[in-house]
Amino acid sequence: MINYNGRRFRTAVNTENGEVNNETIFNYYQQNGEVWADYAGGSVIRGSIIGKVTEEGAIDMVYHHLSETGELRAGKCHSVPEVMNNGKIRLHETWQWTSGDASSGQSIIEEI
């Protein structure tokens, strides 16, 4: 199983309705099957994630953040890991806002 503890990620790709970009840094922590993260940068002032790791190493999570426009945003996400040739992790994410317009999207974040 992949251990996410101490890993840092940056957004590589995001759909237009997402709020994170390549300036957003995610700091991941893990204890047993529990995962949490904090993130900030770009249009996000401060955000946090809490989730659980599946047996396959994917993460089911919920997230929330404060945007630079002063909005509180929240959503849910399913992240599927890919271990790249250099040993770093790439997460393929499918997400949906649970606040606002309830739209969905896809992102890729890569370990830095």
Side-chain angles (χ1 to χ4, degrees):
M1 183 190 320
I2 294 172
N3 188 326
Y4 294 96
N5 193 51
R7 297 185 188 256
R8 298 180 69 203
F9 295 86
R10 178 182 305 238
T11 305
V13 177
N14 197 7
T15 50
E16 194 171 305
N17 58 332
E19 291 191 344
V20 299
N21 60 30
N22 65 352
E23 296 176 6
T24 311
I25 303 296
F26 298 82
N27 299 294
Y28 273 69
Y29 309 94
Q30 182 175 351
Q31 185 173 7
N32 302 316
E34 303 164 12
V35 172
W36 63 98
D38 55 65
Y39 61 102
S43 65
V44 175
I45 294 173
R46 181 176 313 277
S48 63
I49 294 168
I50 189 165
K52 60 183 181 176
V53 180
T54 68
E55 289 185 17
E56 298 78 27
I59 308 170
D60 289 320
M61 66 178 78
V62 293
Y63 59 89
H64 62 272
H65 66 250
L66 178 62
S67 72
E68 65 184 1
T69 62
E71 288 182 89
L72 289 170
R73 301 295 310 267
K76 59 184 178 179
C77 180
H78 180 75
S79 295
V80 177
E82 169 193 357
V83 179
M84 299 184 292
N85 290 338
N86 63 6
K88 293 187 177 186
I89 298 171
R90 177 183 288 146
L91 293 172
H92 299 266
E93 303 184 318
T94 303
W95 50 265
Q96 181 179 13
W97 292 113
T98 56
S99 64
D101 65 5
S103 63
S104 59
Q106 296 181 336
S107 304
I108 296 174
I109 66 171
E110 295 181 343
E111 187 175 0
I112 52 176

Is any side-chain heavy atom of [X] closer than 4.5 Å to a side-chain heavy atom of [Y]?
X	Y	answer
Ile108	Glu93	no
Cys77	Tyr63	yes
Tyr29	Gln31	no
Gln106	His92	no
Pro81	Tyr4	yes
Gln30	Val53	yes
Val80	Leu91	no
Tyr28	Asp38	no

Derivation and outcome, side chain to side chain contact (heavy atoms under 4.5 Å, CB included), residues Thr54 and Asp60: CA-CA 7 Å; Thr54 68; Asp60 289 320; 3.6 Å; yes
Evaluation steps, side chain to side chain contact (heavy atoms under 4.5 Å, CB included), between Asn21 and Thr11: CA-CA 5 Å; Asn21 60 30; Thr11 305; 5.5 Å; no
Shared hydrophobic cluster for Leu72 and Val44 (ILVMFWY, side-chain gaps under 4.5 Å): no
How many angstroms lie between [atom1] in [X] and [atom2] in [Y], if you round to the nearest 0.5 Å?
X	Y	atom1	atom2	value
Arg46	Ser67	CZ	OG	14.0 Å
Glu56	Ile2	CD	CD1	11.0 Å
Glu34	Asn5	CD	CG	12.0 Å
Arg90	Ile109	CZ	CD1	11.5 Å

Can you name the nearest heavy-atom pair linking [X] to [Y], along with the distance?
X	Y	answer
Ser99	Ala74	OG-N, 2.9 Å
Asn17	Ser104	ND2-O, 2.9 Å
Ser79	Met61	OG-CE, 3.4 Å

N-O pairing of Glu110 and Lys88 below 4.0 Å: no
Okay, side chain of [X], backbone of [Y]: is any donor-acceptor separation there less than 3.5 Å?
X	Y	value
Asn14	Val20	yes
Arg10	Asn22	yes
Ser43	Glu19	yes
Thr24	Ala40	no

Heavy-atom neighbours of Asn85 CG exceed 12 at 6.0 Å: no
Over 12 non-hydrogen atoms of neighbours within 6.0 angstrom of CD1 in Ile45: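 Counting neighbours around CD1 of Ile45, more than 12 heavy atoms of other residues, nucleotides or ligands fall under 6.0 Å, so yes.
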Chi angles and distances behind the side chain to side chain contact (heavy atoms under 4.5 Å, CB included) call for His64, Ser48: CA-CA 6 Å; His64 62 272; Ser48 63; 2.9 Å; yes
Asn27 side chain to Arg8 side chain, donor-acceptor N/O pair below 3.5 angstrom: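 Their side chains do contain a donor-acceptor pair, which is all the 3.5 Å distance test asks for.
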Donor + acceptor pair across side chains of Trp95, Ser107 (<3.5 Å):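 Present: a donor and an acceptor within the cut-off.
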Derivation of the side chain to side chain contact (heavy atoms under 4.5 Å, CB included) call for Ile112 and Ile25: CA-CA 9 Å; Ile112 52 176; Ile25 303 296; 3.8 Å; yes
Pair Phe26 + Tyr39: ring centers closer than 6.0 Å: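 Ring centres of Tyr39 and Phe26 closer than 6.0 Å.
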